[in-house]
Undergrad: 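Input: one structure, supplied below.
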Number of protein chains: 2
Amino acid sequence: MPPSSTVENYLKEVYLGVGRLPAGATLLPMGQLASALGVAPGTATTMVKALAESGLVDYEPYNGVRLTAAGTRLAATVLRRHRLVELFLVQVMGMRWDEVHDDAEHLEHVVSDRLIDRIDEMLGHPETDPHGDPIPGKEGTIRERHFETLLTCPVGTRVVVARVSDQDPVFLRFVERHGLKPGQVVSVEARDEVADAVQLRGADETLFTLGARAASKLLVDVTPEAAAAATPAAGRSAAPRR
Amino acid sequence: MPPSSTVENYLKEVYLGVGRLPAGATLLPMGQLASALGVAPGTATTMVKALAESGLVDYEPYNGVRLTAAGTRLAATVLRRHRLVELFLVQVMGMRWDEVHDDAEHLEHVVSDRLIDRIDEMLGHPETDPHGDPIPGKEGTIRERHFETLLTCPVGTRVVVARVSDQDPVFLRFVERHGLKPGQVVSVEARDEVADAVQLRGADETLFTLGARAASKLLVDVTPEAAAAATPAAGRSAAPRR
DNA sequence: ACGGCGATTTTGACTAATCAAAAATACAAC
DNA sequence: GTTGTATTTTTGATTAGTCAAAATCGCCGT
Ligand SMILES: [Mn+2]
Ligand SMILES: [Mn+2]
Ligand SMILES: [Mn+2]
Ligand SMILES: [Mn+2]
């Protein structure tokens, strides 16, 4: 039997949750999983025990949960569907990047292999979704690149936004308004630890400030090649990735 | 709370089932509903009673079930989503008309209003799906035209296939192979009651025979305007409807 | 070593949807 | 009318997923 939407959501959230863990940690605490899924803590515990039975996760009581190889494979295909659908909705259906997440959240559970392959093909086998998140390969392979953030990248250099790690429409629109979509160029003018903020200069030379929390959500590519490739098109158009 | 997929499927099937009832009848027997949905008879009974509670159907024990106005509205929006999705998959995604039904069966429950409106717009507010089934309007209005079938239409006249009332991929491919997709022209050469078959002449002049059961699944437009409009393109291409 | 407290697990209960099998019903045939 | 059969309904159980609240656990600070 195919995994239920619920199982798919749990696995996906374990994958994403583990990814956001502080360096070193590999076990996602149940509380975090529960709140990411919007269920009561006890519900997550029960469900995770069942997933462990099925060999999809490793579960250490009181410590947390992590995906097995099988679980990772499954999470990857869900993520692949989610992200291909998002990109499809933006690129083909002309929807805005801030409104596609919710649709994808549902569609990810029902698009058939046939259909997802057509989408993948139609989009030219893309590597990242509209938010810069990597699209897992057909066989469940995920290549997560490591990025700096606007909080950690070198000051004074032109960097290219690679990924925005927050799906909130309000935040995404804010990001767009300031020319910080994936593919766009920006540079950190100054960083003020005390004020908890960073001074930025956009592609159009405008200056603006971001709080640390927001700045840390913007992952950037600091390699010179990225800056070179991105420079030409400075506008707000559909972000040219890679 | 939005209706569950299960509720949507029940309402849709009641709508379709009532439509297939012998002239005069308006109540769909539980057995038929159950087998259309692939559930046990008792399951259908229980569910229908609940739907009656919610005011979506009228239920007469031992007689059958029929949609209320509210139920019809809901069934129509599900059918609208189903059929728009089917046409979209064929027209935009390049899928074959015999393989889109299953995908649509799942997608019909998760495509958002926003997305279905984009699809509708992108397709130019189409009136029929790839099988010739009418697409209900945004407000839940369904205009079911009445058609003859290859079993009842006049002999010797050119008629235009309007609708194919069987989603079985094998049947659909058969129909396509013989040039009987919606929009294509055909004429009944002879009808043999005893042999339980009809002799047909396709647009390319080839002759072939269809059993009565199959012939009755092909709904045709017998008006001269239809024949005139359809004549130019005789090929097997994407059926030009209306 | 001992509280205390936040996080986690356990318990008991509930809802939606389903099935198998028994009971009831309608109706047609005799 | 009585009877037989097919259809429908009822009954009792099951599964997936969930919650609230009680019980338990781990660990930090004293
Ligand atoms: Mn989801
Ligand atoms: Mn995304
Ligand atoms: Mn369906
Ligand atoms: Mn159809």
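Every heavy atom of this structure was used, including side-chain atoms; hydrogens, water molecules and symmetry mates were not. Every chain is numbered from 1 and lettered A, B, ... according to where its sequence line falls, protein lines coming before strand lines.
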Undergrad: Output yes when at least one side-chain N/O atom of A:Ser4 is less than 4.0 Å from OP1 or OP2 of D:dG17, else no.
TA: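 Indeed, a polar side-chain atom of A:Ser4 lies that close.
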Undergrad: A:Lys49 has an atom NZ; how far is it from atom C1' of C:dT8, in whole Å?
TA: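 Atom-to-atom, A:Lys49 to C:dT8, this comes out as 11 Å.
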Undergrad: Distance check: side-chain N/O of B:Thr43 vs OP1/OP2 of C:dC19, anything under 4.0 Å?
TA: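 True: B:Thr43 side-chain N/O within range (under 4.0 Å) of C:dC19 OP1/OP2.
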Undergrad: If we ignore angles and hydrogens, is there a donor and acceptor under 3.5 Å between the side chains of A:His82 and A:Glu86?
TA: yes
Undergrad: Rounded to whole Å, please give me the gap between CG in A:Leu51 and C1' in D:dG17.
TA: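 Distance, rounded to whole Å: 12 Å.
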Undergrad: Assess the side chains of A:Thr68 and A:Asp58: does a donor N or O sit below 3.5 Å from an acceptor N or O?
TA: no
Undergrad: Can you tell me the distance, in whole Å, between the CG atom of B:Asn63 and the P atom of C:dA26?
TA: 9 Å
Undergrad: What is the distance, to the nearest angstrom, from the CG atom on B:Leu33 to the P atom on D:dT7?
TA: 15 Å
Undergrad: Could you check how far CE of B:Met30 sits from P of C:dT18, rounded to whole Å?
TA: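 Roughly 13 Å, once rounded to whole Å.
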Undergrad: If each of A:Tyr62 and A:Gly42 is mapped to the nucleotide of DNA chain D with the nearest heavy atom, which maps nearer the 5' terminus, i.e. the 5' end?
TA: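 The 5'-side residue here is A:Gly42.
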Undergrad: When we call it a touch if two heavy atoms are under 4.0 Å apart, what does B:Gly31 touch: a base, just sugar-phosphate, or nothing?
TA: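 Sugar-phosphate, no base atom in range.
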Undergrad: Expressed in angstrom and rounded to an integer, what is the separation of A:Leu27 atom CG from C:dT8 atom P?
TA: 11 Å
Undergrad: Between D:dT9 atom P and B:Glu60 atom CD, what is the distance in whole Å?
TA: 11 Å
Undergrad: With heavy atoms under 4.0 Å as the rule, sort A:Thr6 into base, sugar-phosphate or nothing.
TA: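 The answer is sugar-phosphate, as A:Thr6 gets under 4.0 Å only of primed atoms, P, OP1 or OP2.
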Undergrad: When you compare the side chain of B:Val111 with that of B:Glu108, does any pair of heavy atoms fall below 4.5 Å?
TA: no
Undergrad: For A:Pro154 and A:Val222, work out which heavy atoms get closest and say how close.
TA: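 Shortest heavy-atom contact: CD-CG1, 3.9 Å.
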Undergrad: How long is the line joining OH of A:Tyr59 and C1' of C:dA7, in whole Å?
TA: 11 Å
Undergrad: Can a donor-acceptor pair be found between the side chains of B:His106 and A:His109 at a distance below 3.5 Å?
TA: no
Undergrad: Can you see if the side chain of A:Tyr10 gets near the phosphate of D:dA16 - specifically, an N or O under 4.0 Å from OP1 or OP2?
TA: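 No, outside the criterion.
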